[in-house]
Amino acid sequence: VVLGDRGKTVIVTFGSGPAGAPARGAGGPSTDGRNGLAPLGFLLPRALVPEVMAAASEAGDLMAAEFVRTDGPRFSDDVTSPVDTEMEILLRDRLVALFPARFVGEEQGAFAATANGFCWVVDPHDGTRAFLEGKRGSAVSVALLRDGIPVLGVVSAPLSPGRRPD
């Protein structure tokens, strides 16, 4: 599924169980109702999509602002930038508040949560080296796994090579 988000293209995918069966746990226990989400399982990721897209877009805005800094993007070494960690912290805070789950990030590693079978997996800034060289094409990548199976994925590219958000 490809959805537009304020002029940016965001790729959203939904996983399934073996041979296209609904994700494991469909129809399982309900959430606490705090987010008004459907019962856990295949419907849960769909309910999260708008907020996950917004979080990825917000992280992408940090990336875009860093790219156009007067003195260029900040860097820690030739493969990392402080904005990478800033983006990951923003995503971790937003995603875990949206749906509590374990969190594994490219920059800061894993953060434990109450065991519920779900895990956020995030690369907040895929393409950092090229970004630091002044090249466009970096992306924000977010996935939600359930029992190790991807059930949701969002990729946002705020700095496409075509000079506009993608």
Side-chain angles (χ1 to χ4, degrees), residues 1-16 23 34-37 44-113 116 118-146 148-166:
V1 176
V2 179
L3 303 171
D5 178 27
R6 296 183 303 160
K8 302 173 187 174
T9 300
V10 179
I11 307 300
V12 180
T13 62
F14 299 98
S16 63
R34 185 173 54 110
N35 296 319
L37 300 176
L44 176 77
R46 293 180 192 273
L48 298 176
V49 169
E51 295 297 325
V52 175
M53 287 175 57
S57 182
E58 188 175 350
D61 290 344
L62 288 177
M63 180 193 302
E66 184 75 15
F67 190 77
V68 298
R69 285 172 44 101
T70 305
D71 53 349
R74 298 169 290 155
F75 61 92
S76 301
D77 54 40
D78 66 341
V79 295
T80 62
S81 173
V83 76
D84 298 4
T85 301
E86 294 163 11
M87 292 165 59
E88 183 170 308
I89 291 168
L90 179 147
L91 288 165
R92 184 182 68 223
D93 291 349
R94 300 286 189 284
L95 297 173
V96 171
L98 174 65
F99 183 73
R102 184 168 186 248
F103 183 95
V104 178
E106 176 74 16
E107 307 303 321
Q108 296 196 313
F111 289 82
N116 63 3
F118 285 92
C119 180
W120 292 106
V121 179
V122 171
D123 186 347
H125 191 175
D126 189 13
T128 301
R129 181 181 295 224
F131 174 87
L132 293 173
E133 294 170 355
K135 298 175 185 170
R136 295 172 165 266
S138 297
V140 177
S141 303
V142 177
L144 179 63
L145 309 181
R146 175 135 196 223
I149 297 171
V151 293
L152 181 144
V154 172
V155 176
S156 178
L159 299 168
S160 74
R163 303 275 189 239
R164 59 188 187 110
D166 184 15

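Positions are given from 1 along the sequence. From a predicted model like this one, the values you see are computed outputs, not experimental measurements.
Closest non-hydrogen pair, Leu145 versus Val121, comes out as CD1-CG2, 3.7 Å. For Ala110 against Arg102, the heavy-atom pair with the smallest separation is CB-NH2, 3.5 Å. Nearest heavy atom pair, residue Val154 against residue Ala56, reads CG1-CB, 4.0 Å. When all heavy atoms are compared, the tightest approach of Val155 to Ser141 is CG2-OG, 4.1 Å.
For the side-chain contact (heavy atoms from CB on, under 4.5 Å) test with Met63, the passing option among Pro124, Ser81, Ser138, Ser156 is Ser138; the others fail.
Ser57 contributes atom OG, which lies 10.0 Å from atom CG of Leu62 (distance to the nearest 0.5 angstrom).
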Extract all donor-acceptor atom pairs below 3.5 Å that involve side chains of residues 86-97 and protein atoms in other chains or at least two apart in sequence.
from  : atom 1 : to     : atom 2 : distance (Å)
Glu86 : OE1    : Arg74  : NH2    : 3.0
Glu86 : OE2    : Arg74  : NH1    : 3.1
Glu86 : OE2    : Arg74  : NH2    : 3.2
Glu88 : OE1    : Glu106 : N      : 3.2
Glu88 : OE1    : Glu107 : N      : 2.6
Glu88 : OE2    : Gln108 : N      : 2.9
Arg92 : NH1    : Gln108 : OE1    : 2.9
Arg94 : NE     : Glu58  : OE1    : 3.2
Arg94 : NH2    : Glu58  : OE1    : 3.4
Arg94 : NH2    : Glu58  : OE2    : 2.6

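The shortest distance between side-chain heavy atoms of Trp120 and Val52 falls below 4.5 Å.
No hydrogens or angles considered: a donor-acceptor pair under 3.5 Å links the side chains of Asp84 and Thr128.
Residues satisfying the ring pair (Phe, Tyr, Trp, His ring centres under 6.0 Å) test with Phe131, not counting sequence neighbours, are Phe67, His125. Applying the side-chain contact (heavy atoms from CB on, under 4.5 Å) rule to Ala64 yields the partners Leu159; only residues at least two apart in sequence or on another chain are considered.
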- Message: Could you go through Phe99 and Asn116, starting from their C-alpha distance and side-chain angles, then the distance that decides it, and tell me whether this counts as side-chain contact (heavy atoms from CB on, under 4.5 Å)?
- Response: CA-CA 11 Å; Phe99 183 73; Asn116 63 3; 4.0 Å; yes

